[in-house]
> 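Before I ask anything, here is the structure I am working with.
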Amino acid sequence: MIELTSGRMRLTLDPATGTIHSVTDTAGGVRHLRSDLPVGGPVGLFRIVSPTDTWWSRYADADEQPPPEVAAQGGRVTLRYADLRAHDGEPLGVSAELRIETSERPDELLVTLALHNLGPAVINEVRCPWMSGWSGIGDAESDRIVLGGHSALSAHRLPTASGNTYARNHQREWFEYPVRLYAPWVDISGPGGGLALINYMRAPENGAVCFENLAGYGAGLNLALGWAHMVSIGPGERWTSPPMGISVHADDWHATADRYREWFDAVHPPDSSRMHLRSAIGFQNLLFRGFDGTPVRPLEEIPAVAEVGRRFGVDHLCVWDTLTLGNYAKQCDRDLTDYPADERELLRAGLTRAEQDGTRTSALINFRHPVAARAVSDPAVQQQVIRRFDGTFRTENWSASHNHGTLFTKHLGPESWVYSPFSAEHRERVMRITRDYLDLGYTSMFYDQPFEIAPDYGVAGSAPERTHHAALEMIREVRRKLLAGDPDAIVIGEECDVFAQDAVDLWMSWATSQPSAVAAAALTRYSIPHTMLSWVIDHEPERVALAFALGMQMCLMIHGGEGTLADVPELAELVGRMAALRARTAERTTCARFADTVGLQIDGDDSLVAFGYDSPDGPAVIVAAPGAAASGSVTVDRDAFSAPGDAQEGRLFRLDGTDEATRGDRMEFSLAANEAAVWTL
């Protein structure tokens, strides 16, 4: 056995099999991974998948190889494999070098895998690191898997209740980056601390965190976890993984979020040049014609509905209209901005008037799909769309209908192809449409689906794992065009992504709407603090209170986007008061770092929520009572914040416009339903 240590972390490696014997937190006494579980494992630190015509998932595991050449020096161990063998014993002609070394960050080791493919087959997935032997610290309630700023799950969730149990599907799970991971890390924590896996890629690469309960059809839990790299390594090609960090800590997921954020901010320093944009309360989304062409309101009403928003402090209008909404539902052959001359003039006049009156304007626009009627008859389009590994087209179907029996009329089509972000023709199309979009009079943009979750294998010379990176480069180009016209323009996007913070200014997610999304929203806010998030609000005032407490903007979809704030006067009044309160306190809240509940002790009714904010001037707290009146107290531990503030010069700002001086670290609150207050210390 070889032992590697880094601070409180000790990893014991079996070099003969390339398996982890154990990972232990020596300070806390917690053994996170172990090789002596009664069922399943241990697994080697990597698996490669190299398909053949007869075995589509042919694989080679580190623990099934002849003993590698081992070199150990200082804080580094290197394992060299001359020719990897598949599970059935066939040589692949692939050499591998696995390196494990001490990280410059405390309590962490780095794993890197280098491959040289001299065999005849392509490698289409590399799983590294791949670690087994986690069986639990506490119980199903206290042991949590937290997925890269996205969501928290029970670490004991496998086996699932999946009906299709073949290939052990009920014992496996997969979470892709981007979209199902907002940042490339995973944390498993329980009582006494946790274990983290972080992908330290410097540019975004498509991949996924994967889990498997190696106990299989036996009893118990032997959880394996790792990172799957979505690669395509052809004969003669070399590939090296990003450094993959394995670390331990004595806290919960916040420790892993802090570790990654500190590294990421050093590599990609955040932009603080437009902090004033964070004082906005949100944006209203209005349907003019639906995805399927259903008429909702005439374009002539743009100035009037913009004025309704301003009346309640909302100075951004997002227009939802058939053409720009996307090519995945409409049946006509016009592209996104191919408006007839009369409609162009209506749009230009309305948008110009709204901007002159003080409303920023955008449209929800989706660039990703060809016009279906053209695509099937134009051979050139086939060269511009994403292909799967086997050469078939990647498709999507979001054929939204207002009037059929189902929202998504997948049985009617179209089954839309997806443009490749590698395509020069598509990039030029996007920029041409963007220029036309600005000519219509829009100044900002709601960029629908600003990601590419599926790798594109159809472009020679382009690494498929760089597909999302190429998509973000295109969005950055669009954003530069917008900012050239208006320095305060913003790009709104769907689903968050740590690597897209300089491409998308404000994020929304349909999942962030119900009160049950509070924990996930707080997780994202804490993990990616330099971006702006929004909460989808239809007509429920409790959503307004939650969005304000979390420092999020309001993605207003009144009556499904068919109504305006004038249709919900009580909610509109609440939004207006929230907008005024945010404007008075933004410097200490939305312009500061969201701190979740770290450093706060909250005692009170179940409907009382409180979140902390960390600024150079000291702590601040937003309290709210979403859904029901609430009373209770909040105590602040100033040592948990970067600056202590002044215990003698606090201030409490109320929703009615009043404020008062406060002293000390504890405050009692009594709030009416959906009321909020801001306490600065």
Side-chain angles (χ1 to χ4, degrees), residues 9 11 20 23 25 30 32-33 43 45-47 103 105 107-111 125-138 140 142-158 160 171-190 193-201 204-214 221-230 241-264 453 495-499 519-520 522-524 526-528:
M9 177 180 177
L11 183 149
I20 292 177
V23 169
D25 180 346
V30 179
H32 293 283
L33 302 180
V43 296
L45 268 165
F46 65 83
R47 165 178 287 182
S103 170
R105 291 167 293 279
D107 312 317
E108 181 179 65
L109 294 171
L110 297 176
V111 177
E125 182 178 296
V126 177
R127 193 182 310 176
C128 182
W130 182 229
M131 308 175 290
S132 63
W134 190 92
S135 60
I137 302 172
S142 59
D143 290 344
R144 309 294 288 171
I145 294 173
V146 174
L147 300 162
H150 182 279
S151 54
L153 312 168
S154 171
H156 297 259
R157 57 190 285 109
L158 294 177
T160 65
Q171 297 283 20
R172 299 195 289 168
E173 285 194 297
W174 165 278
F175 301 92
E176 301 100 328
Y177 169 83
V179 176
R180 297 187 78 193
L181 297 171
Y182 292 154
W185 56 260
V186 62
D187 179 273
I188 304 184
S189 294
L195 172 74
L197 171 61
I198 297 175
N199 184 338
Y200 286 113
M201 55 186 174
E205 296 182 1
N206 291 82
V209 167
C210 48
F211 298 91
E212 183 171 351
N213 178 15
L214 300 177
L221 177 65
N222 183 346
L223 189 66
L225 70 150
W227 189 274
H229 306 268
M230 297 177 179
S241 73
M244 307 294 296
I246 305 169
S247 59
V248 299
H249 57 79
D251 199 354
D252 59 11
W253 64 267
H254 291 87
T256 299
D258 288 344
R259 179 185 293 273
Y260 181 76
R261 177 184 53 80
E262 290 165 5
W263 172 83
F264 189 88
I453 193 170
E495 301 298 344
C496 199
D497 176 7
V498 66
F499 278 99
L523 168 60
T524 306
Y526 186 90
S527 301
I528 312 177

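Quick note: residue numbers are just sequence positions, from 1.
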> Which residues pass the side-chain contact (heavy atoms from CB on, under 4.5 Å) test with A250, not counting sequence neighbours?
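Partners of A250 under the side-chain contact (heavy atoms from CB on, under 4.5 Å) test: R8.
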
> Say whether, by atom type as modelled, one donor and one acceptor occur between the side chain of T256 and the main chain of D252 under 3.5 angstrom.
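Here the side-chain-to-backbone pair does not exist.
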
> For the atom pair CG (L109) and CG (L11), what is the distance rounded to the nearest 0.5 Å?
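One gets 5.5 Å once the value is rounded to the nearest 0.5 Å.
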
> Taking all heavy atoms of E108 and all of M9, pick out the closest pair and write down the distance.
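The pair with the smallest heavy-atom distance is CA-SD, 4.1 Å.
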
> Rounded to the nearest 0.5 Å, how far does NE2 of H254 lie from OG of S527?
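One finds 8.0 Å between OG of S527 and NE2 of H254.
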
> P242 and N199: which non-hydrogen atoms are nearest, and at how many Å?
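Minimum heavy-atom contact is CB-OD1, 3.4 Å.
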
> Just so I know, are the side chains of C210 and R127 near enough to count as touching, which here means a heavy-atom distance under 4.5 Å?
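In short, these two side chains touch, coming nearer than 4.5 Å.
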
> Consider only side-chain N and O atoms of Y177 and D497, and report whether a donor and an acceptor are under 3.5 Å apart.
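A donor-acceptor contact under 3.5 Å links the two side chains.
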
> Can you find a pair of side-chain heavy atoms, one from R259 and one from S247, that are under 4.5 Å apart?
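A side-chain contact under 4.5 Å exists here.
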
> Treating S154 as the side-chain partner and A140 as the backbone partner, does any N or O pair qualify as donor plus acceptor under 3.5 Å?
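Between the backbone of A140 and the side chain of S154 there is a qualifying donor-acceptor contact (under 3.5 Å).
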
> Measure across I453 and N206 and return the closest heavy-atom pair with its distance rounded to 0.1 Å.
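Looking at all heavy atoms of both residues, the closest pair is O-ND2, 3.3 Å.
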
> Taking side chain as C-beta onward, heavy atoms only, is L214 less than 4.5 Å from E212?
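Yes; the side chains approach each other to less than 4.5 Å.
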
> Compute whether any side-chain donor of one residue and acceptor of the other, for H32 and D25, lie under 3.5 angstrom apart.
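No, D25 and H32 have no side-chain donor paired with an acceptor closer than 3.5 Å.
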
> Within the structure provided, determine whether V186 and V146 are in side-chain contact (heavy-atom separation under 4.5 Å).
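No, every pair of side-chain atoms sits at 4.5 Å or beyond.
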
> L195 and H249: which non-hydrogen atoms are nearest, and at how many Å?
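So the two residues come closest at N-NE2, 4.2 Å.
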
> Strictly distance-based, threshold 3.5 Å: is any side-chain N or O of S142 a donor or acceptor partner for the main-chain N or O of G190?
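No, the answer is negative, given that no donor and acceptor are paired below the 3.5 Å cut-off.
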
> For the residue pair P129 and L197, what are the closest heavy atoms and their distance?
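Smallest interatomic distance, heavy atoms only, reads CG-CD1, 3.5 Å.
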
> Show your reasoning for whether side-chain contact (heavy atoms from CB on, under 4.5 Å) applies to I188 and L223.
CA-CA 11 Å; I188 304 184; L223 189 66; 4.1 Å; yes

> Kindly indicate, with the supporting measurements, whether the criterion side-chain contact (heavy atoms from CB on, under 4.5 Å) is fulfilled by F175 and L153.
CA-CA 12 Å; F175 301 92; L153 312 168; 3.7 Å; yes

> Give every donor-acceptor pair under 3.5 Å between a side-chain atom in residues 131-138 and any protein atom, sequence neighbours left out.
{"from": "S132", "atom 1": "OG", "to": "V43", "atom 2": "N", "distance (Å)": "3.1"}

> Let me know which of L523, I528, L147 forms a side chain to side chain contact (heavy atoms under 4.5 Å, CB included) with Y182.
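Passing option: I528.
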
> Any side-chain heavy atom of D143 sitting closer than 4.5 Å to one from H156?
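They are in side-chain contact.
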
> Taking the side chain as every heavy atom from C-beta outward, state whether I145 and D187 have any pair of such atoms under 4.5 Å apart.
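Answer no - side chains too far apart.
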
> If you measure from SG on C496 to CG on L181, what distance do you get to the nearest 0.5 Å?
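Atom-to-atom, C496:SG and L181:CG are 12.0 Å apart.
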
> For R105 and W263: C-alpha separation, side-chain torsions, deciding distance, then whether side-chain contact (heavy atoms from CB on, under 4.5 Å) applies.
CA-CA 9 Å; R105 291 167 293 279; W263 172 83; 3.4 Å; yes

> Can you tell me which residue among Y260, Y200, W227 is in a side chain to side chain contact (heavy atoms under 4.5 Å, CB included) with W185?
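One option only clears the test, and that one is Y260.
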
> When the aromatic ring centroids of Y526 and W253 are compared, is their separation below 6.0 Å?
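Aromatic pair counts; centres sit under 6.0 Å.
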
> Verify, without hydrogens or angle tests, whether R180 (side chain) and W174 (backbone) share a donor-acceptor contact under 3.5 angstrom.
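Checked: pair present.
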
> Determine whether the aromatic ring centres of F264 and F499 lie less than 6.0 Å apart.
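Yes.
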
> Under a 4.5 Å cut-off applied to non-hydrogen side-chain atoms, are E176 and M230 in contact?
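The answer is yes, as the side chains (C-beta and beyond) meet within the 4.5 Å cut-off.
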
> Measuring from T160:OG1 to Q171:CD, what's the distance to the nearest 0.5 Å?
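Nearest 0.5 Å value for the OG1-CD distance: 7.5 Å.
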
> Please report the interatomic distance CG(L33) to CG(L225), rounded to the nearest 0.5 Å.
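Nearest 0.5 Å value for the CG-CG distance: 7.0 Å.
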
> Would you call R157-E173 a salt bridge at under 4.0 Å N-O?
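Yes.
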
> If I compare all heavy atoms of V111 with all of C128, which pair ends up nearest, and what's the gap?
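Here V111 and C128 meet closest at CG1-SG, 4.0 Å.
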
